[in-house]
Structure formats: C-alpha cells, structure tokens
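See below for the structure under consideration.
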Amino acid sequence: MTSLVSTSHLQLAAFAFGTIGWILCTVSMGLVEWRVWHVDNTTIISSGIAWVGIWKVCFISYLHVSSDLKEQICHKMNDYETSIPNAIFVAQGLLLIAMVVGALGMASTIFALRSIYMGILHKTQIIRFFLVAGFLYLAAGLCVLIPVSWNFYSVVHNQTISFPPSFYMPSSPVAQEVGAAIPVGIISAILLLMSATFSFSYRFPVTPNAGV
C-alpha cells in the first residue's frame, strides 16, 4: 500500500490544480470585466468606460440620478438579441460545459485517490478513473481556453460588437483593453491542462497482490 500511495503524488497535485482551476473558471464566468471599452461619448456612459463580459455589459451612468450619485447599469446578453455575435453565446456554453466537466473530473480523481489511499488494489479501476479524469480536465481546459483566446484576440485587434440600441453602447470603442476575467481564465485553463497531464501520467506499480 505504501508503494501504491507513493505513486500518486502527481495525481494528488492534479486534484489540487483541477480544483483551483475549476474555481477560477467559475470566478471568470461571474466577472463582467472580460473586455474594457473606452468610449468618447460620455452622455450616458459617464465614466467613459464600459465592461463587456460573457453574460452582460455594464457601465457607470449619472443620467438617471443626480450628479452626486452614480448608478451601474447592466444589460444581459440574451440569445434573442440577433445583433450580438454568436461567438458570445458559444463562449457562454463552453464555460458552462467547462464548469460541469471540470466537476466531473474532480469526482473521478477522488474515486481513484480513494481506492489508492484505502488500499483497494484494483489496477483497472484506478487507471480508468485517472484516464477519465484526464480527458475531463483536458476538455474543461480547452472549453475555458477557447473563449479566453477569442476575447484576447478581439481586444488586441479592437474588434467591435453591434449591441442593440437599448444597450446605449457605441458601435465601436475608441480603444479597449484586457479585463480581469481574461488572466483569471488563462490561469484556470493552464491549471486544468496541467491536471490532465498529471492524470494521464499515472502508472500503476507492479505488485504481486494487485488485482485486475
């Protein structure tokens, strides 16, 4: 049993990295600061800055309140808004998939580590759980990496989004920059992909009492 436990240190790290990566994935989903737009028309967007996220767009306005008070106005991006690019809705779906698949990857790792630390010597079962976890972590990491890469590319090339008139957003920003959600997503993707690599690297020790 001692030799079996000693072979699973990387897989224990995979569980830790996968858990942190999954948490960061969830955090990035909740953040609206994916892309930071700088606009020149401050009539409605009083601060001159708007935050474009995966689920909504927000900005600060003094229009509906007094000049001494500020109000954060947010508009949710729904699939019935035909002017919003489909890539945003694809990003929403990918992040939801990453959250679910990442959780399943952690569960699979827990089952494998449980067998190892309880001395349940079933080689096929342990290896199978780690392989499944590896594929799930890999899928989750890619599902995070795709929307992160797309948003980063959009910021670098200052790409625009045709928002509905009700959003009070300009047709294009003067400039834009990377928001906090993108580095969070990058770290999440790296950790999930590292978890996949560590899970795939498991090798069951050769022991005379090992079950098949």
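Small disclaimer: the values here were computed from a predicted structure and weren't measured.
Residues Gly134 and Phe200 come closest through the heavy atom pair C-CZ, 3.4 Å. The heavy-atom pair separating Phe15 from Met106 by the smallest distance is CE1-O, 3.9 Å. Across all their heavy atoms, Ser154 and Gln176 have their closest contact at O-NE2, 3.7 Å. When all heavy atoms of Val36 and Ile49 are compared, the pair lying nearest together is CG1-CG2, 3.5 Å. Leu192 and Gly18 make their closest contact through CD2-O, 3.8 Å (heavy atoms, listed as atom of the first residue, atom of the second, distance). Residues Asn151 and Arg35 share a closest heavy-atom pair of OD1-CD, 3.1 Å.
The shortest distance between side-chain heavy atoms of Ile60 and Trp51 falls below 4.5 Å. Within the 4.5 Å cutoff, the side chain of Val100 has no heavy atoms near those of the Leu96 side chain. No side-chain heavy atom of Val57 sits under 4.5 Å from any side-chain heavy atom of Cys74. Here the side chains of Ile54 and Leu95 are in contact, with some heavy-atom distance below 4.5 Å. Side-chain contact between Ile126 and Ile116 is present, with at least one heavy-atom pair separated by less than 4.5 Å. The shortest distance between side-chain heavy atoms of Val52 and Ile161 falls below 4.5 Å. Looking only at side-chain heavy atoms (C-beta outward), Gln11 and Phe130 come within less than 4.5 Å of each other. Residues Trp55 and Met29 are in side-chain contact: their nearest non-hydrogen atoms beyond the backbone lie under 4.5 Å apart.
With sequence neighbours left out, the ring pair (Phe, Tyr, Trp, His ring centres under 6.0 Å) criterion links His75 to Phe167. By the side chain to side chain contact (heavy atoms under 4.5 Å, CB included) test, Leu191 is found to be paired with Phe17, Ile20, Leu24, Ile187, residues two or more places apart in sequence or in another chain being considered. Contacts of Thr19 classified as side-chain hydrogen bond (donor to acceptor under 3.5 Å, both in side chains), with partners at least two apart in sequence or in another chain: none. Shown here are the ring pair (Phe, Tyr, Trp, His ring centres under 6.0 Å) partners of Phe59, two or more places apart in sequence or in another chain: there are none. Residues meeting the side-chain hydrogen bond (donor to acceptor under 3.5 Å, both in side chains) test with Thr109, sequence neighbours left out: Tyr137. For Phe111, the ring pair (Phe, Tyr, Trp, His ring centres under 6.0 Å) partners are Phe129, not counting sequence neighbours. Evaluation of the ring pair (Phe, Tyr, Trp, His ring centres under 6.0 Å) rule for Phe152 yields no partner, not counting sequence neighbours.
For the atom pair CE of Met169 and SG of Cys58, the computed distance is 9.5 Å after rounding to the nearest 0.5 Å. Remark: Ile186 CD1 to Ser28 OG distance equals 10.5 Å, nearest 0.5 Å.
Other cluster members for Val174: none, since no ILVMFWY side-chain heavy atom sits under 4.5 Å from it.
Ile190 and Val178 fall within the same hydrophobic cluster, defined by Ile, Leu, Val, Met, Phe, Trp and Tyr side-chain heavy atoms under 4.5 Å apart, directly or through other members. Side-chain heavy atoms closer than 4.5 Å link hydrophobic residues (I, L, V, M, F, W, Y) into clusters, and following such links, even through other members, never connects Ile110 to Leu104. With hydrophobic clusters built from ILVMFWY side chains whose heavy atoms lie under 4.5 angstrom apart, Val184 shares a cluster with Ile23. When the side chains of ILVMFWY residues are joined at heavy-atom separations under 4.5 Å, either directly or via intervening members, Met194 and Val101 end up in two distinct hydrophobic clusters. The cluster map of Ile, Leu, Val, Met, Phe, Trp and Tyr, joined by side-chain heavy atoms under 4.5 Å apart, puts Ile182 and Met99 in the same cluster.
Sorted by first and then second residue, the side-chain hydrogen bond (donor to acceptor under 3.5 Å, both in side chains) pairs with a member in residues 90-102 form an empty list; sequence neighbours excluded. Annotation: ring-ring contact (aromatic ring centres under 6.0 Å, His included) contacts involving residues 20-42, sequence neighbours excluded, comprise Trp37-Phe163. Here side-chain hydrogen bond (donor to acceptor under 3.5 Å, both in side chains) pairs that include residues 179-200, with residues two or more places apart or in two chains, number zero.
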Identify all side-chain donor-acceptor contacts of residues 140-150 below 3.5 Å with residues at least two apart in sequence or on another chain.
unit_1: Ser149; atom_1: OG; unit_2: Leu145; atom_2: O; d: 2.8

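Side chain of Ser108 to backbone of Gly105: no donor-acceptor contact under 3.5 angstrom is found.
Exactly one of Asp40, Thr160, Ile45 qualifies for a side-chain contact (heavy atoms from CB on, under 4.5 Å) with Pro170. That residue is Ile45.
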